[in-house]
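I have placed the structure first, in the form of structure tokens, so that the comments after it can refer back to it.
Below, chain A is the first sequence line, B the second, and so on; all start at residue 1.
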Number of protein chains: 2
Amino acid sequence: MYMLYSKSSEYVVRALVYLAMKDNADFIMVKEISEHTEIPQPFLSKIFQDISRAKWITSKKGKNGGVKLAVNPAKLKLLDVISYFDGMQDYSRCMFGHKECGVSSKCALHNKCSDLKNEIYDFLNSTTIADFTSIWKKENKVSLKELKIF
Amino acid sequence: MYMLYSKSSEYVVRALVYLAMKDNADFIMVKEISEHTEIPQPFLSKIFQDISRAKWITSKKGKNGGVKLAVNPAKLKLLDVISYFDGMQDYSRCMFGHKECGVSSKCALHNKCSDLKNEIYDFLNSTTIADFTSIWKKENKVSLKELKIF
DNA sequence: ATAGTTTCAGATAAAAAGGTCTTAATATCT
DNA sequence: AGATATTAAGACCTTTTTATCTGAAACTAT
Ligand code: FES
Ligand code: FES
């Protein structure tokens, strides 16, 4: 199955959204996140190690330890998250690698392809982790502002 | 790097477009296709074996042998090609696998996500191999009708 | 201090994707 | 018939991705 990003990217988005929905005062155990997001725990640990290096979270060992967001989720763009794990895509490249297309002339689909790529890019570039949380928060009877994170 | 399909799918689209642009009277050597499309020859052979089973091409061994389209490229949808190699995607699933979303309530992005997925789906479902050939053909001073394929 | 808890770090393993090679079969040409 | 050309088939290899395991380090509470 192929979508726009790797499994690691999907997982980390899911995990970060979970964190963004919680009160950011306490550290949250990887185990808890793993259970709620259905991400294999050892794999999630590894992913958190990675983004800990990127300073998106802070972690604490030992009792009452866990992980906690270190950045404002409203500033964490999907594009950044995905690029961090999968590398930056070349959105100017023809989706099917026809290299003749666009050089001296264009295929009939060139503009249609570009439009689609642009929409994908814009979505990933304009969407943040925080964007996913809004309605869910309401359901949980907690609003973003009530949480006063950052 | 992650796009919407596997390398095999990308390759086969490129190869099929190349075939669709040629006079369909003769068999064309895999080697020639490999060189023009910059697909590793042994890998391309393998792919052709696959789509030969699917009856999209016919092949002939021995001198003057090669491969040739067996179906009208205007009937070969990208979605079919990609599904054949990568399996059918679940376009209803949340892109990030948040399973709570959409059940009792939706996240703020639900509609935006759905729109994007739909556009991807529509593009793949409405585009055929033949759609890529039009302008290139003109460059090569050969029109689709002149070729009289099918 | 000590015991218990939890992440850190790195090694390792399993699975999937991408790519190559070799031999056999088949067709054509002379 | 024999030589040559070309795909078929499948085994094999490599790399990347996904996932797991283990021991050490760090923190807390008692
Ligand atoms: S062939 Fe890809 S955009 Fe024209
Ligand atoms: S969380 Fe994916 S569409 Fe709402």
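Applying the side chain to side chain donor-acceptor pair (under 3.5 Å) test to pairs two or more places apart or on separate chains, those with a residue in residues 29-42 of chain B are A/K99-B/E38, B/Y18-B/E32, B/Y18-B/H36, B/K22-B/E32. Within the structure, the ring-ring contact (aromatic ring centres under 6.0 Å, His included) test picks out the following pairs touching residues 77-96 of chain B (sequence neighbours left out): A/Y5-B/F96, A/F132-B/F96, B/W56-B/Y84, B/Y91-B/Y121.
Residue-level contact check: A/S45 touches neither bases nor backbone, having no heavy atom under 4.0 Å from any strand. The residue B/S6 sits close only to the backbone: its heavy atoms come under 4.0 Å of sugar-phosphate atoms, none of a base.
Under a 3.5 Å cut-off, the side chain of A/D131 and the backbone N or O of A/A74 do not form any donor-acceptor pair. The backbone N or O of A/Y2 sits nowhere less than 3.5 Å from a side-chain atom of B/D86 that would complete a donor-acceptor pair.
Near DNA chain D, meaning a heavy atom under 4.0 Å from it, residues 53-64 of chain B has B/S59, B/K60, B/K61, B/G62, B/K63 in order of number. Heavy-atom distances under 4.0 Å link DNA chain C to no residue of residues 25-33 of chain B.
Two residues are said to be in side-chain contact when any heavy atoms from C-beta on lie closer than 4.5 Å; A/T128 and A/K75 fail this criterion. When side chains are defined from C-beta on, A/V17 does not count as touching A/R14, because their heavy atoms never get closer than 4.5 Å.
Atom pair B/Q49:CD and D/dT6:P shows a separation of 17 Å (rounding to whole Å applied). Distance B/K68 NZ to D/dT6 P: 16 Å, rounded to the nearest Å. Look at CD on B/E10: it is 16 Å from P on C/dA17, rounded to the nearest Å. In this structure, B/Y5 places its OH atom 17 Å from C1' of C/dA17, rounding to the nearest Å. Rounded to a whole Å, the CD1 atom of A/I82 is 16 Å from the C1' atom of D/dT17. For B/I47 and D/dA8, the CD1 to C1' distance is 15 Å, given to the nearest whole Å. Distance B/I51 CD1 to D/dA8 C1': 14 Å, rounded to the nearest Å. Here the P atom of nucleotide C/dT7 and the CG atom of A/D50 are 16 Å apart, to the nearest Å.
Taking CG from B/L16 and CD1 from B/I129, the interatomic distance works out to 4.5 Å, rounded to the nearest 0.5 Å. From A/D115, atom CG reaches atom CD1 of A/I120 across 11.0 Å, with rounding to the nearest 0.5 Å.
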Pair B/F43-B/Y11, ring pair (Phe, Tyr, Trp, His ring centres under 6.0 Å): steps then yes or no
CA-CA 9 Å; B/F43 198 48; B/Y11 283 164; 5.7 Å; yes
Below 3.5 Å between N/O atoms, which protein atoms pair up with nucleotides 19-22 of chain D? Just atom names and distances, please.
from	atom 1	to	atom 2	distance (Å)
D/dA19	OP2	A/Y11	OH	3.3

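Proximity of B/Y2 to the phosphate of C/dA17: no side-chain N or O atom is located under 4.0 Å from OP1 or OP2.
Scored by the side-chain contact (heavy atoms from CB on, under 4.5 Å) test, A/T58 finds A/F27, A/K68, A/A70 as partners (sequence neighbours excluded).
Ion pair B/R93/A/E10 flagged as a salt bridge, since at least one NZ, NE, NH1 or NH2 atom sits closer than 4.0 Å to an Asp/Glu carboxylate oxygen.
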